[in-house]
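Down below is the structure, laid out as structure tokens.
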Amino acid sequence: MRLLFDQFMKKCEDGSWIHLPSYEDIATQRSQDFSTFIHAYFPTASEQINKEKLSQGRIFTRSFEDGLGFEYVMFYNDAEKRIVCVFQGGPHLQGMPGFFHGGAIATMIDATVGMNAIVSGGIVMTANLNINFKRPIPLCSIVLINSQLDKIEGRKLLVSCNVQSVDEKILYTEATSLFIKLNPEKEFHIKELVLNSAPPA
Ligand SMILES: CCCCC/C=C\C/C=C\C/C=C\C/C=C\CCCC(=O)SCCNC(=O)CCNC(=O)[C@H](O)C(C)(C)COP(=O)(O)OP(=O)(O)OC[C@H]1O[C@@H](n2cnc3c(N)ncnc32)[C@H](O)[C@@H]1OP(=O)(O)O
């Protein structure tokens with residue numbers, strides 16, 4: 001994992017790739033924006049959300065103890081509209097004995113294609129996620145999630161991805177997704193928000 005991280009950090013040196021900040025980095029810096037965001041886009045839901053609970057909110061991929069759940073880092077290539085996620089799931093993500101749970105894989109896929117849609121299109125939500133599980137992924141192995149923005153049609157963003165072994169010899173999973181941009185009149189400049197929260201390369 002460290003070796004792959006260092007290889008991608010090297011690619012960041014010429015600016016072609018960007019090490020994306022973790023959700024926690026963004027949330028810590030911009031937590032005051034979250035209730036404004038919810039109120040702007042989902043005014044009815046906003047009344048149903050307990051403000052105290054919201055302040056305890058955590059993205060669930062970052063809710064496990066270190067090493068037991070989702071360990072990952074993402075890198076973004078703006079020219080190619082690609083994100084590569086280096087993912088090493090922990091033992092608490094087990095489904096079939098010895099392998100990752102399909103829901104855990106779906107979560108990481110959604111997080112990766114979702115981040116690609118966010119940096120490409122702004123505030124979006126997943127409308128559709130289609131996954132083909134082709135081979136089971138051994139528990140605790142390191143995999144690469146390669147996502148690609150395929151098309152933008154008005155408010156719709158189509159992003160595809162695959163999950164491969166690090167040596168690229170095993171294709172574990174393929175997925176396509178549809179994201180819908182929320183009301184553009186209430187645009188938050190989320191791309192800047194995400195990129196400005198990036199740790200130094
Ligand atoms: C400053 C604060 C910032 C806050 C965020 C901060 C930081 C974030 C940073 C990082 C985040 C990190 C990682 C991201 C991690 C994970 C990503 C997870 C994302 C999710 O986990 S998200 C949860 C699951 N997600 C939902 O909970 C959505 C529920 N849903 C809805 O809320 C609505 O459904 C919505 C909004 C999607 C659309 O609603 P809408 O009213 O805006 O649009 P409408 O329905 O008119 O559709 C417009 C056109 O899309 C077509 N269309 C729609 N749906 C379709 C479908 N399924 N298949 C085919 N076509 C479809 C229509 O047919 C029409 O097409 P046409 O225009 O051609 O007629």
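All values below come from the heavy atoms of this structure, side chains included, with hydrogens, waters and symmetry mates left out. This chain uses plain numbering: 1 for the first residue, then up along the sequence. Order of appearance sets the numbers: ligands from 1, and atoms from 1 within every ligand.
Taking distance alone, with nitrogen or oxygen atoms compared against 3.5 Å, Asn128 stays at or beyond that limit from ligand 1. Backbone and side-chain nitrogen or oxygen atoms of Ala127 are examined, and one is located within less than 3.5 angstrom of a nitrogen or oxygen of ligand 1. Below 3.5 Å of separation, one finds no N or O of Lys181 facing any N or O of ligand 1.
Of all atoms in ligand 1, listed by their number and element, those nearer than 4.0 Å to a heavy atom of Leu178 are 55 (C), 56 (C), 58 (N), 59 (C), 60 (N), 61 (C). Taking every non-hydrogen atom of Lys156 and a distance limit under 4.0 Å, the qualifying atoms of ligand 1 come out as 49 (C), 50 (O), 51 (C), 65 (O), 66 (P), 68 (O). Close contacts of ligand 1 with Leu182, meaning ligand atoms under 4.0 Å from a residue heavy atom, involve 36 (C). The atoms of ligand 1 that sit less than 4.0 Å from any heavy atom of Ala111 are 15 (C), 16 (C).
For atom 28 (C) of ligand 1, the nearest non-hydrogen atom from the set Ile59, Thr126, Thr112 comes from Thr126.
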- Apply ring-ring contact (aromatic ring centres under 6.0 Å, His included) to the pair Phe133 and Phe100, showing each step before the final yes or no. CA-CA 11 Å; Phe133 297 99; Phe100 284 130; over 10 Å; no
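Separating the CE atom in Met9 from the CZ atom in Arg2 is a distance of 8.5 Å, to the nearest 0.5 Å.
In the displayed structure, Gln48 atom CD is contacted under 6.0 Å by more than 12 heavy atoms of other residues, nucleotides or ligands. In Gln56, the CD atom is crowded: over 12 heavy atoms of neighbouring residues, nucleotides or ligands sit closer than 6.0 Å.
Inspection of the Ser165 and Tyr172 side chains reveals no N or O donor paired with an N or O acceptor under 3.5 Å.
Checked for salt-bridge contact, Asp6 and Lys10 miss the test: no charged N lies under 4.0 Å from a carboxylate O.
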